[in-house]
Amino acid sequence: MTLLMGILNLTPDSFSDGGEVSGVAQALAAAQAMADTGAAIIDIGGESTRPGSERIAPDLEQRRILDAVSAIAAAGHTVSVDTVHVATAKLALARGAKIVNDVSGGLYDPLMLATVAQAGASYIIGHWRGFPKKNYSRSVYRDVVVEVCAALRERIAAALAAGISPARIIVDPGLGFDKTPDQCWELLNRIEELQELGYPVLIGASRKRMIADCVREAGVQQPGLAELDAITALVSAHCARAGVWGVRVHSVPASALALRATAKLGEVDARPDAQVRVKPSKTGVCATAEPGAKHDDADACAMAEPGRGDPLPANVAQPPAGVSTHELDVIAIKGLAVFARHGVFEHEKQSGQTFYIDCEVRLAARAGSAVDDIAKTVNYAELAAELERVATETVLDLIETLAEKLAAAALSFAGVCATTVTVHKPSAPVAQKVSDILVTVTRTREAHCALRN
């Protein structure tokens, strides 16, 4: 599920909300309001990076934000510090911040990567060619998406080399940072290429020039916050549909509503046929549903044809008539990467990490292959999407519990008789050096139904 990062600028000169909040009391109230309306992270900044903004000394930035960081973190909120200065980042982390949001990706201050690694904090790597210029003189790209991805890949490698855990890396394409509005929209239209980097993606389009230009194109020459936040919310919805990790926004309520509606639409898209049409026939043939259709009927797969091969255990749903128990087929998804916040320790829940999911489902796929019809088998794209949804919808302590939930989700697909799910947690907090921690469960349909009942 896409997270909302609420922007809390404690600056007098930010492009949209400079000077709106000052002092610890106002900052804490603003953070609480954002959290109450859906923000999972509060991103606190004390230096404007808008095009043409003036640089300030780190000690001034620290005077602006550190007390607010302490108060907001103490109130139980997850705090991200928006800074390019290693001294500010170090002090903010000591005050309770959990994430460093560095628009320069470690290029501005060469000590930033090692500092973040030592602190064990999460790190947002921004794409950066310098503090943005008003005249777009550094906005020349042959292919903006390809070049941004290449630059981010280099910064990821540097972060890993410095000792930052891969589970703590998030990437941001840097919309508005030496990119024209058209180039920003191109990045949004090709989000999947950013996701192919293999790390959670953060998008920050809120109220930026690309948004304002879009409003002006509709004939509104002086866009107000309502128009800017409406378009920003649409961008948030687009990002959510693409499976983006997070969106950084000024108006949390507007984007929260957009994400809620997107989730509702996603439920409809994932289940195009609300009426499940899976009924055991008198002859024992297992009927099929549309792709993604689900059911709770333990008898949907009827009894196997007597006398053909060895019977499955009694608690395994039997294959369709005419299909040997040895002829059950396997559809497998390997290495599904999901960023989530499962774990016993509070820092795991706050910072999150990448889990990897392997899922095998066993079914009689011959009915689909015989007629080359996806409606008569399991659509693996829909299975992957459902596994991702289940893995990210709630925060759990144990990966054992997560594996159980994922197995139940896999068994809910029509025609699936059994499943094996493995959850890998390679960044588990153990003192010894290990390559992986994993849990594997094997579940069958009748056992699944008994659990649910």
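- Considering every non-hydrogen atom in both Ala68 and Ala27, the closest pair reads CB-CB, 3.9 Å.
- Between Ile125 and Leu152, the closest side-chain pair of non-hydrogen atoms falls below 4.5 Å.
- Side chain of Lys208 to main chain of Leu175: a donor-acceptor pair is present (N/O by atom type, distance under 3.5 Å, no hydrogens or angles).
- More than 12 non-hydrogen atoms from other residues, nucleotides or ligands lie less than 6.0 angstrom from CD of Glu393.
- Contact check for Asp43 versus Met34: no side-chain heavy atoms found under the 4.5 Å cut-off.
- Two residues are said to be in side-chain contact when any heavy atoms from C-beta on lie closer than 4.5 Å; Ile399 and Thr401 fail this criterion.
- For the atom pair Leu396 CG and Glu404 CD, the distance stands at 11.5 Å (nearest 0.5 Å).
- The pair Asp172-Arg155 fails the salt-bridge criterion, with no side-chain N (NZ, NE, NH1 or NH2) lying under 4.0 Å from an Asp/Glu carboxylate O.
- In this structure a side-chain-to-backbone donor-acceptor pair under 3.5 Å is present from His342 to Ala391.
- Distance check, rounded to the nearest 0.5 Å: CG of Leu93 to CD of Gln118 gives 10.5 Å.
- One finds a salt bridge joining Glu360 and Arg362 here, because a Lys/Arg side-chain nitrogen approaches an Asp/Glu carboxylate oxygen to under 4.0 Å.
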Pair Arg129-Phe177, side chain to side chain contact (heavy atoms under 4.5 Å, CB included): steps then yes or no: CA-CA 7 Å; Arg129 288 184 166 184; Phe177 283 80; over 6 Å; no
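- Classification of the Tyr141-His127 ring pair by plane angle, with boundaries at 30° and 60°, yields tilted.
- Under the side-chain contact (heavy atoms from CB on, under 4.5 Å) rule, Ile191 has a single partner from Arg241, Glu196, His238, which is His238.
- Residue Lys349 places its NZ atom among more than 12 non-hydrogen atoms of other residues, nucleotides or ligands, all under 6.0 Å distant.
- Side chains of Ile41 and Leu4 form no contact here, defined as non-hydrogen atoms less than 4.5 Å apart.
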Worked check of side chain to side chain contact (heavy atoms under 4.5 Å, CB included) between Arg341 and Leu3: CA-CA 11 Å; Arg341 298 175 180 277; Leu3 301 178; 3.2 Å; yes
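- For the atom pair OG1 of Thr354 and CD1 of Ile169, the computed distance is 9.0 Å after rounding to the nearest 0.5 Å.
- The closest side-chain heavy-atom distance from Leu336 to Val338 is below 4.5 Å.
- With rounding to the nearest 0.5 Å, the separation of CE in Met5 from OG in Ser80 is 4.0 Å.
- Thr442 and Thr420 form a side-chain donor-acceptor contact under 3.5 Å, judged by distance and modelled atom types alone.
- Taking the side chain as every heavy atom from C-beta outward, Leu202 and Val171 never approach each other to under 4.5 Å.
- Between the side chains of Asp358 and His424, a donor-acceptor pair is found at a separation under 3.5 Å.
- Within the 3.5 Å criterion, the main-chain N or O of Ser139 finds a donor-acceptor partner in the side chain of Gln183.
- Donor-acceptor pairing under 3.5 Å is recorded for the side chains of Ser104 and Asp102.
- With respect to the salt-bridge test (charged N to carboxylate O, under 4.0 angstrom), the residues Glu186 and Lys179 do not qualify.
- Ion pair Lys425/Asp436 not flagged as a salt bridge, since none of the NZ, NE, NH1 or NH2 atoms sits closer than 4.0 Å to an Asp/Glu carboxylate oxygen.
- Of all non-hydrogen atoms in Ala410 and Thr419, the two that sit nearest each other are CB-OG1, 3.6 Å.
- Between the side chain of Arg168 and the backbone N or O of Gly120 there is at least one donor-acceptor pair closer than 3.5 Å.
- Here the closest heavy-atom approach between residue Pro166 and residue Tyr199 is recorded as O-CE2, 3.4 Å.
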Side chain to side chain contact (heavy atoms under 4.5 Å, CB included) between Arg207 and Leu225, worked out: CA-CA 8 Å; Arg207 297 182 184 175; Leu225 294 185; 3.7 Å; yes
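- With rounding to the nearest 0.5 angstrom, the SG atom of Cys359 is 10.0 Å from the CD1 atom of Ile331.
- To the nearest 0.5 angstrom, Asp82 atom CG is 4.5 Å from Asn101 atom CG.
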Gln32 and His77: CA distance, side-chain angles, deciding distance, side-chain hydrogen bond (donor to acceptor under 3.5 Å, both in side chains) verdict: CA-CA 8 Å; Gln32 187 62 56; His77 304 299; 3.0 Å; yes
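- The closest donor-acceptor contact from the side chain of Thr392 to the backbone of Ala340 lies at 3.5 Å or more, if one exists at all.
- Ring centroids of Phe339 and Trp245 are separated by less than 6.0 Å, placing the two rings close together.
- Nearest heavy atom pair, residue Ser255 against residue Ser236, reads OG-OG, 2.8 Å.
- At a threshold of 4.0 Å, the pair Arg389-Glu382 does not count as salt-bridged, since none of the basic side-chain nitrogens sits closer than that to a carboxylate oxygen.
- The two residues Ala162 and Ala114 make their nearest non-hydrogen contact at CB-N, 4.2 Å.
- Within the 4.5 Å cutoff, the side chain of Ile99 has no heavy atoms near those of the Val81 side chain.
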Pair Leu187-Glu193, side chain to side chain contact (heavy atoms under 4.5 Å, CB included): steps then yes or no: CA-CA 9 Å; Leu187 284 158; Glu193 293 177 53; over 6 Å; no
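- Closest approach of Ala31 to Ile42, counting heavy atoms only: O-CD1, 3.7 Å.
- Taking 4.5 Å as the limit, some side-chain heavy atom of Arg142 sits within range of a side-chain heavy atom of Glu147.
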